[in-house]
Visitor: 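Let me begin by handing over the structure; questions about it come next.
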Amino acid sequence: MKIAIGSDHAAFELKERIVEHLKKSGVEVIDCGTYSIESVDYPDYAKKVAEKIVKKECDYGILLCGTGIGMSIAANKIKGIRAALCLFPDMATYARRHNNANILVLPGRLMGIELAKWTVDAFLAAEFEGGRHERRVKKIEELEE
């Protein structure tokens with residue numbers, strides 16, 4: 001499994017811990033930045049990660065910013081992206097199972113490392129259920145046109 005990850009300055013430290021966690025779990029990680037706590041613009045990193053998913057260079061993405069809201073809005077502007085802001089593991093599980101989310105968004109200022117790791121693990125462990133959910137995801141895709 002290959003994961004693209006990116007954050008702004010507000011979530012840089014949490015991103016670094018998530019990268020460490022993923023690598024220890026045997027996941028290949030493509031770190032799209034940012035690489036410090038120096039102020040940056042989150043849409044730049046949302047675009048970098050989303051492009052890795054759309055181009056099928058990575059299986060999933062993880063984005064982090066202060067609240068997760070900005071990253072969610074920015075990433076979801078890109079055709080083919082279904083970014084889900086998840087505050088706990090059950091949300092991440094349902095985001096994958098029901099919405100076929102391909103990017104997990106986490107709030108760096110609102111979530112501790114242990115909860116973040118559990119949420120990442122839940123997202124990566126879940127699989128899209130298809131069925132009635134497939135019809136709904138197709139309708140979301142039609143909104144992009």
Side-chain angles (χ1 to χ4, degrees), residues 1-34 40-145:
M1 183 179 299
K2 188 187 287 187
I3 304 296
I5 191 167
S7 74
D8 70 357
H9 56 282
F12 168 73
E13 292 177 10
L14 184 58
K15 179 192 66 117
E16 293 297 295
R17 302 283 304 275
I18 294 297
V19 167
E20 180 182 302
H21 172 69
L22 289 169
K23 287 181 176 180
K24 283 182 181 175
S25 300
V27 174
E28 184 177 351
V29 179
I30 305 301
D31 189 342
C32 298
T34 191
V40 295
D41 298 328
Y42 59 82
D44 299 336
Y45 300 93
K47 182 179 179 185
K48 287 179 184 183
V49 169
E51 286 177 344
K52 296 279 188 199
I53 307 308
V54 171
K55 292 177 181 178
K56 300 191 183 315
E57 294 172 12
C58 292
D59 300 300
Y60 300 106
I62 299 173
L63 289 167
L64 305 93
C65 68
T67 63
I69 296 168
M71 283 291 197
S72 296
I73 293 169
N76 280 314
K77 296 291 183 185
I78 298 170
K79 186 174 182 174
I81 295 302
R82 290 175 304 282
L85 171 58
C86 298
L87 304 177
F88 49 89
D90 284 346
M91 287 179 77
T93 297
Y94 283 112
R96 285 285 311 124
R97 286 183 183 170
H98 292 187
N99 308 112
N100 202 15
N102 50 17
I103 295 181
L104 171 65
V105 184
L106 300 174
R109 290 185 174 142
L110 306 175
M111 180 178 273
I113 184 58
E114 291 306 317
L115 181 56
K117 289 193 292 190
W118 296 332
T119 304
V120 166
D121 291 347
F123 183 84
L124 297 179
E127 293 184 23
F128 182 52
E129 292 177 356
R132 70 185 187 278
H133 306 296
E134 182 71 37
R135 180 179 74 246
R136 295 166 185 157
V137 170
K138 286 191 184 302
K139 287 184 176 189
I140 291 170
E141 291 170 350
E142 290 169 5
L143 295 172
E144 296 176 335
E145 298 172 4

Visitor: Name all residues meeting the side chain to side chain donor-acceptor pair (under 3.5 Å) criterion together with His9; count only those two or more places apart in sequence or in a different chain, and write none if there are none.
Guide: none

Visitor: First locate atom CD of Glu141, then atom NZ of Lys79, and finally report the distance between them rounded to the nearest 0.5 Å.
Guide: 9.0 Å

Visitor: Please enumerate all residues that pass ring pair (Phe, Tyr, Trp, His ring centres under 6.0 Å) together with His98, with sequence neighbours excluded.
Guide: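 Only Tyr94, His133 meet the ring pair (Phe, Tyr, Trp, His ring centres under 6.0 Å) criterion with His98.
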
Visitor: So Leu22 and Ile62, do their side chains get closer than 4.5 Å, heavy atoms only?
Guide: yes

Visitor: Applying ring-ring contact (aromatic ring centres under 6.0 Å, His included) as the test, list every pair that has at least one member in residues 99-129; sequence neighbours left out.
Guide: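 Pairs touching residues 99-129 that pass the test: Tyr60-Phe123.
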
Visitor: Could you give the side-chain donor-acceptor pairs of residues 81-92 under 3.5 Å, partners two or more places apart or in another chain?
Guide:
{"from": "Arg82", "atom 1": "NE", "to": "Asn99", "atom 2": "O", "distance (Å)": "3.3"}
{"from": "Arg82", "atom 1": "NE", "to": "Asn100", "atom 2": "O", "distance (Å)": "2.9"}
{"from": "Arg82", "atom 1": "NH2", "to": "Asn100", "atom 2": "O", "distance (Å)": "2.9"}

Visitor: Step by step, work out the side-chain contact (heavy atoms from CB on, under 4.5 Å) result for Leu64 and Ile5.
Guide: CA-CA 8 Å; Leu64 305 93; Ile5 191 167; 4.0 Å; yes

Visitor: May I ask you to say whether Lys117 pairs ionically with Glu114, meaning some side-chain N is under 4.0 Å from a carboxylate O?
Guide: yes

Visitor: Got a second to check how far Leu63's CG is from Cys32's SG, nearest 0.5 Å?
Guide: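 Reported value, rounded in 0.5 Å steps: 8.5 Å.
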
Visitor: For the residue pair Leu104 and Leu124, establish whether any side-chain heavy-atom pair is separated by less than 4.5 Å.
Guide: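 A side-chain contact is absent here, since even the closest heavy-atom pair is not under 4.5 Å.
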
Visitor: Pair up each side-chain donor or acceptor in residues 12-20 with any protein partner under 3.5 Å, not counting sequence neighbours, and list the distances.
Guide:
{"from": "Lys15", "atom 1": "NZ", "to": "Asp31", "atom 2": "OD1", "distance (Å)": "2.7"}
{"from": "Lys15", "atom 1": "NZ", "to": "Asp31", "atom 2": "OD2", "distance (Å)": "2.8"}
{"from": "Lys15", "atom 1": "NZ", "to": "Thr34", "atom 2": "O", "distance (Å)": "2.9"}

Visitor: In a table with atom names and distances, give each donor-acceptor pair under 3.5 Å that connects a side chain of residues 40-49 to protein atoms at least two apart or in another chain.
Guide:
none

